[in-house]
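This chain uses plain numbering: 1 for the first residue, then up along the sequence. When reading the values below, keep in mind they use all heavy atoms of this one structure, side chains included, and skip hydrogens, waters and symmetry mates. Note that this is a predicted model, so its numbers are computed, not measured.
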Amino acid sequence: MIWVYRFFAALGLFVLVVLYVSLIGTAIFGLGGSILRTMGVDQIEMTFMPNTPIPRFLSIPVMLVVAFVLFTIAKYVKRAIEFLCIPFQ
């Protein structure tokens, strides 16, 4: 019966690892994009809601808040990954 648990844990591990990597990547690329937007790159747009753009000078503080939330979620996803790795030890 342990093989059923290991099978579903392996599937869950794959999903959580992809989620963890994408959360970290999104936070890093978002911070880079907000810095570039503040420097004057016009191709990068940030909107809070449809038709509500974020002012250029607020792009770094807003992205810092979003990145903090993403990193916090990633921390808890990593804890779930560590919990799912227990049956494979």
Side-chain angles (χ1 to χ4, degrees):
M1 197 59 156
I2 190 73
W3 63 271
V4 174
Y5 180 71
R6 285 185 179 176
F7 173 73
F8 286 115
L11 291 177
L13 274 174
F14 176 72
V15 170
L16 289 176
V17 167
V18 170
L19 177 64
Y20 180 73
V21 170
S22 64
L23 286 170
I24 299 294
T26 302
I28 291 171
F29 285 127
L31 286 172
S34 66
I35 291 170
L36 287 174
R37 182 174 189 260
T38 303
M39 298 281 188
V41 177
D42 293 330
Q43 290 81 10
I44 300 173
E45 297 179 6
M46 292 178 69
T47 57
F48 183 64
M49 294 180 192
N51 302 325
T52 310
I54 296 174
R56 189 175 299 270
F57 67 93
L58 287 178
S59 62
I60 291 177
V62 168
M63 194 58 211
L64 283 174
V65 171
V66 171
F68 175 75
V69 170
L70 291 174
F71 282 130
T72 304
I73 294 170
K75 181 177 89 172
Y76 289 109
V77 169
K78 185 176 180 185
R79 286 185 186 177
I81 290 170
E82 291 170 354
F83 176 75
L84 284 177
C85 285
I86 291 172
F88 298 108
Q89 294 177 353

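- Cluster membership check: Val15 does not share its hydrophobic cluster with Leu13, using side-chain heavy-atom separations under 4.5 Å among Ile, Leu, Val, Met, Phe, Trp and Tyr.
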Go through Leu19 and Val77 one step at a time and tell me if the side chain to side chain contact (heavy atoms under 4.5 Å, CB included) criterion holds.
CA-CA 8 Å; Leu19 177 64; Val77 169; 3.7 Å; yes
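- Annotation: the span from Ile60 atom CD1 to Thr38 atom OG1 amounts to 3.5 Å, rounded to 0.5 Å.
- Phe68 is not connected to Ile73 by any chain of hydrophobic side-chain contacts under 4.5 Å among Ile, Leu, Val, Met, Phe, Trp and Tyr, and they are in different clusters.
- One hydrophobic cluster holds both Val69 and Ile28 under the rule that ILVMFWY side chains link at heavy-atom gaps under 4.5 Å.
- Taking CG of Leu23 as the reference point, atom CG of Leu70 lies at 6.0 Å (rounded to 0.5 Å).
- In summary, the side chains of Thr52 and Thr47 do not present any donor paired with an acceptor at a separation below 3.5 Å, with no hydrogens or angles considered.
- With contacts defined as side-chain heavy-atom distances shorter than 4.5 Å, the pair Phe71/Ile24 qualifies.
- With rounding to the nearest 0.5 angstrom, the CD atom of Glu45 is 12.5 Å from the OG atom of Ser59.
- Judged purely by atom type and a 3.5 angstrom limit, Arg56 uses its side chain to pair as donor or acceptor with the backbone of Arg37.
- Contact check for Ile81 versus Cys85: side-chain heavy atoms found under the 4.5 Å cut-off.
- Within 6.0 Å of CD in Glu82 there are more than 12 heavy atoms belonging to other residues, nucleotides or ligands.
- Residues passing the side-chain contact (heavy atoms from CB on, under 4.5 Å) test with Tyr76 are Thr72, Arg79, sequence neighbours excluded.
- Taking CG from Leu64 and OG from Ser34, the interatomic distance works out to 6.5 Å, rounded to the nearest 0.5 Å.
- Applying the side chain to side chain donor-acceptor pair (under 3.5 Å) test to pairs two or more places apart or on separate chains, none has a residue in residues 4-27.
- Residues Ile54 and Val65 do not share a hydrophobic cluster, defined by chaining ILVMFWY side chains whose heavy atoms lie under 4.5 Å apart.
- Nearest heavy-atom pair, Ala80 versus Leu16, reported as atom, atom and distance to 0.1 Å: CB-CD1, 3.8 Å.
- Transitive grouping of hydrophobic side chains (ILVMFWY, heavy atoms separated by less than 4.5 Å) brings Phe48 and Phe57 into a common cluster.
- Distance check, rounded to the nearest 0.5 Å: CZ of Phe29 to CG of Leu31 gives 11.5 Å.
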